[in-house]
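Here's the structure, in structure tokens; my notes come after.
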Amino acid sequence: MTRANRVLVLNSGSSSVKYQLLEMEGTEDGAPARLAAGLVERIGEGGGRVAHTPRGGKRRERELEVPDHAAALRAAAEELAADGLPPDAPDLAAVGHRVVHGGQRFTEPVVVDEEVLEEIERLVPLAPLHNPANLAGIRTARALNPGVPQVAVFDTAFHTTIPEPAARYALDARVAEEHRIRRYGFHGTSHAYVSRRTAALLGREPAEVNVIVLHLGNGASASAVAGGRCVETSMGLTPLEGLVMGTRSGDIDPAVVFLLARVAGMKPEEVDALLNERSGLAGLCGDNDMREVLRRVDEGDQRARLAFDVYIHRLRKYLGAYTAVLGRVDAVAFTAGVGENAARVRAAAVEGLDVLGLAVDERLNNAPGREPRIISPEYARTAVAVVPTDEELEIATQAFALVTT
Ligand code: ADP
């Protein structure tokens with residue numbers, strides 16, 4: 001008998017569910033294969049929609065009412081069944097759920113039971129937008145398919161190795177402890193996957209290399225990974241800290257918040273919305289998409305130029321800081337939407353940083369490609385790489401390993 005070898009990966013947001021079905025073993029080339037992927041949108045908002053793409057097939061879209069997460073998962077299951085891939089026993093080994101906040105408790109993926117659900121619930125105050133949606137996804141998937149193990153894979157888990165001096169804020173220790181205020185970091189599955197792939201690209205074991213990973217998507221974060229363990233990351237208590245992002249400010253003086261409250265009369269939720277939704281590239285120049293920012297820079301638009309320069313300045317500051325944290329850097333890896341596609345961002349981020357052993361080869365940097373690749377010249381002390389991330393594959397791999405070993 002062949003064992004169940006598929007994993008359904010679910011990324012449940014408050015109004016959307018992204019899903020992928022992967023085959024983990026027995027594929028033609030031996031590597032896990034994506035069988036289908038899709039997105040259910042506008043949950044509970046009316047005018048729902050599911051878009052689904054089977055492997056090697058055409059994307060199809062239909063409209064339907066999606067009042068809640070249960071309806072969203074049923075819609076996903078129907079799409080998969082229509083391709084002859086019903087996501088249930090006997091083929092399904094596990095459902096892997098992306099869970100944003102695992103606090104200090106979850107250092108690895110876990111099979112979900114009642115106690116795990118309660119713990120994720122207790123972490124809701126730290127991730128009020130994300131954890132409730134992740135929980136809804138887990139509870140629903142469990143009810144729909146009670147015989148299949150549900151595995152929670154946490155965005156914070158890879159960062160739980162960060163040493164105390166990097167994880168602690170210099171706050172009143174009792175207040176910090178009472179409210180669990182510390183650096184947790186996010187995008188952990190991506191940082192884990194990319195740092196490991198980068199080591200492989202160098203032909204080395206993860207334990208032998210120090211890597212700075214720059215995950216530059218709509219959200220953006222940097223991490224310093226020493227010998228396979230994360231030792232520092234730029235996002236903190238929430239995904240607001242650190243790099244300049246599409247709509248998030250990243251680092252600011254915390255006193256900006258007091259000024260906005262006292263002088264501008266803004267309420268906490270208004271400041272929250274300003275810093276999370278109307279800052280970053282969007283705040284500086286009105287566009288959050290780096291493609292649009294670059295297009296405007298080419299047209300001589302001064303606001304777009306400033307936005308680009310602020311974005312790059314912050315990146316370079318972090319490169320310097322993380323070089324100091326690591327002591328020796330073997331590679332800098334660019335990943336996610338901007339990191340994988342924007343050669344100009346990569347070039348500007350390392351320009352003139354010979355002092356850190358960093359340089360990119362113009363031809364390699366501009367050559368198109370979807371595979372992990374090195375873009376630094378041979379002579380450079382530190383490798384600069386483009387390593388496409390794949391969070392769903394990493395979640396599936398971790399979930400499958402947990403239920404089969
Ligand atoms: P998310 O954080 O939503 O997962 P992604 O990692 O997919 O985001 O990154 C999305 C962002 O990537 C877009 O907002 C856009 O700014 C950027 N991006 C995508 N393609 C390009 C490109 N060719 N050049 C520059 N930026 C790009």
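Hydrogens, waters and symmetry mates play no part in the numbers below; they use all other heavy atoms, side chains included.
Closest non-hydrogen pair, R142 versus V112, comes out as NH2-O, 4.3 Å. A pairwise comparison of heavy atoms in F308 and R344 identifies CZ-O, 4.1 Å as the closest pair. Smallest separation of non-hydrogen atoms from H159 and Y184: CB-O, 3.1 Å. Scanning both residues, S190 and T335, for their nearest heavy atoms gives OG-CG2, 4.1 Å. Residues A226 and N210 share a closest heavy-atom pair of CA-OD1, 3.3 Å. The shortest heavy-atom contact between L92 and P87 is CD2-O, 3.3 Å.
The neighbour count for E270 CD, taken as heavy atoms of other residues, nucleotides or ligands under 6.0 Å away, is above 12. Within 6.0 Å of atom CD in E292, more than 12 heavy atoms from other residues, nucleotides or ligands are found, so the atom counts as buried in its surroundings. Crowding of E205 atom CD: a count of heavy atoms from other residues, nucleotides or ligands under 6.0 Å not exceeding 12. Around atom CD of E362, no more than 12 heavy atoms belonging to other residues, nucleotides or ligands sit under 6.0 Å away. Counted within 6.0 Å of CZ on R197, heavy atoms from surrounding residues, nucleotides or ligands total 12 or fewer; the atom is thus considered open.
No donor-acceptor distance shorter than 3.5 angstrom exists from the side chain of Y193 to the backbone of L393, with no hydrogens or angles considered. Between the side chain of Y322 and the backbone N or O of S234 there is at least one donor-acceptor pair closer than 3.5 Å. Looking at Q150, its side chain does come within 3.5 Å of a backbone N or O of V148 through a donor-acceptor pair. A distance-only check finds no donor-acceptor pair linking the side chain of E119 to the backbone of G102 [under 3.5 Å]. A donor-acceptor pair is defined here as one N or O able to donate and one able to accept, closer than 3.5 Å; such a pair exists between the side chain of R314 and the backbone of G242. At least one donor-acceptor pair under 3.5 Å links the side chain of T233 to the backbone N or O of A222. In this structure a side-chain-to-backbone donor-acceptor pair under 3.5 Å is missing from S279 to N276. Of the possible donor and acceptor atoms, one in the side chain of T161 sits under 3.5 Å from a partner among the backbone N and O of C230. Of the possible donor and acceptor atoms, one in the side chain of R346 sits under 3.5 Å from a partner among the backbone N and O of N365. In terms of modelled atom types and a separation under 3.5 Å, the side chain of S376 and the main chain of V384 share a donor-acceptor contact.
Exactly one residue among I120, L126, N134, T238 makes a side-chain contact (heavy atoms from CB on, under 4.5 Å) with V100. That residue is N134. Between R183 and the choices E232, E164, M235, the side-chain contact (heavy atoms from CB on, under 4.5 Å) rule is met once, by E232. When each of T107, V110, T160 is paired with F154, the side-chain contact (heavy atoms from CB on, under 4.5 Å) condition holds for V110 and for no other.
The aromatic ring centroids of F186 and H101 lie less than 6.0 Å from each other. For H187 and F158, the ring centers sit 6.0 Å or farther from each other.
The distance from the CD1 atom of I212 to the OG1 atom of T323 is 4.0 Å, given to the nearest 0.5 Å. With rounding to the nearest 0.5 angstrom, the CZ atom of R6 is 10.0 Å from the CG atom of D88. Atom CD1 in I374 sits 4.5 Å away from atom CG in L201 (nearest 0.5 Å). One distance of note links CG of D272 with CG of L260; it measures 12.0 Å at 0.5 Å rounding. Here CG of L402 is found 8.5 Å from CD of E108. Values are rounded to the nearest 0.5 Å. Atom OG1 of residue T382 and atom CZ of residue R328 lie 9.5 Å apart, to the nearest 0.5 angstrom.
Annotation: side chain of L214 is in contact with side chain of L319 (closest heavy-atom distance under 4.5 Å). Contact check for L306 versus C285: no side-chain heavy atoms found under the 4.5 Å cut-off. Side-chain contact between I395 and N11: absent, with no pair of heavy atoms (C-beta onward) separated by less than 4.5 Å. The side-chain heavy atoms of V332 and L356, taken from C-beta on, include no pair separated by under 4.5 Å. Counting heavy atoms from C-beta on, the side chains of N145 and L8 never come closer than 4.5 Å. Under the 4.5 Å side-chain criterion, counting only non-hydrogen atoms from C-beta, E340 is in contact with R370. At a threshold of 4.5 Å between non-hydrogen side-chain atoms, the residues F106 and V99 do not count as touching. Proximity of L73 to L10: side-chain heavy atoms (C-beta onward) are separated by under 4.5 Å at one or more points.
Ion pairing between a basic and an acidic side chain is recognised when a charged N comes within 4.0 Å of a carboxylate O; D301 and R305 show no such pairing. Classification of D83 and R60 as a salt-bridged pair holds, one side-chain N sitting under 4.0 Å from a carboxylate O. The pair R174-E177 does not count as a salt bridge, with every side-chain nitrogen at least 4.0 angstrom from each carboxylate oxygen. The pair R316-E351 does not meet the salt-bridge criterion, since no charged nitrogen lies less than 4.0 angstrom from a carboxylate oxygen. A salt bridge is absent between E392 and R98: the closest approach of a Lys/Arg side-chain nitrogen to an acidic carboxylate oxygen does not fall below 4.0 angstrom. Between E115 and R105, at least one side-chain nitrogen of the basic residue sits less than 4.0 Å from a carboxylate oxygen of the acidic one, meeting the salt-bridge criterion. Look at E391 and K18 and you find no salt bridge, because none of the NZ, NE, NH1 or NH2 atoms lies under 4.0 Å from a carboxylate O.
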### Query
Under the salt bridge (charged side-chain N to carboxylate O under 4.0 Å, His left out) criterion, do E121 and R139 qualify, and how do the steps go?
CA-CA 12 Å; E121 186 93 57; R139 290 204 166 104; 3.3 Å; yes
### Query
Could you go step by step and tell me if V257 and L275 meet the side-chain contact (heavy atoms from CB on, under 4.5 Å) rule?
CA-CA 9 Å; V257 176; L275 297 180; 4.2 Å; yes
### Task
Before giving the answer on side-chain hydrogen bond (donor to acceptor under 3.5 Å, both in side chains), spell out for T140 and H69 the whole-Å C-alpha distance, their side-chain angles and the decisive distance to 0.1 Å.
CA-CA 7 Å; T140 313; H69 283 81; 5.9 Å; no
### Query
Can E269 and K267 be said to form a side-chain contact (heavy atoms from CB on, under 4.5 Å), step by step?
CA-CA 6 Å; E269 51 280 15; K267 298 191 186 70; 3.6 Å; yes
#### Entry: Pair L80-H52, side-chain contact (heavy atoms from CB on, under 4.5 Å): steps then yes or no
CA-CA 8 Å; L80 289 162; H52 178 91; 3.7 Å; yes
### Message
For S16 and L39: C-alpha separation, side-chain torsions, deciding distance, then whether side-chain contact (heavy atoms from CB on, under 4.5 Å) applies.
### Response
CA-CA 7 Å; S16 73; L39 168 68; 4.1 Å; yes
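Every residue meeting the side-chain contact (heavy atoms from CB on, under 4.5 Å) condition with E277, not counting sequence neighbours, appears here in chain and number order: A273.
Side-chain contact, S223 with H215: no donor N or O sits under 3.5 Å from an acceptor N or O.
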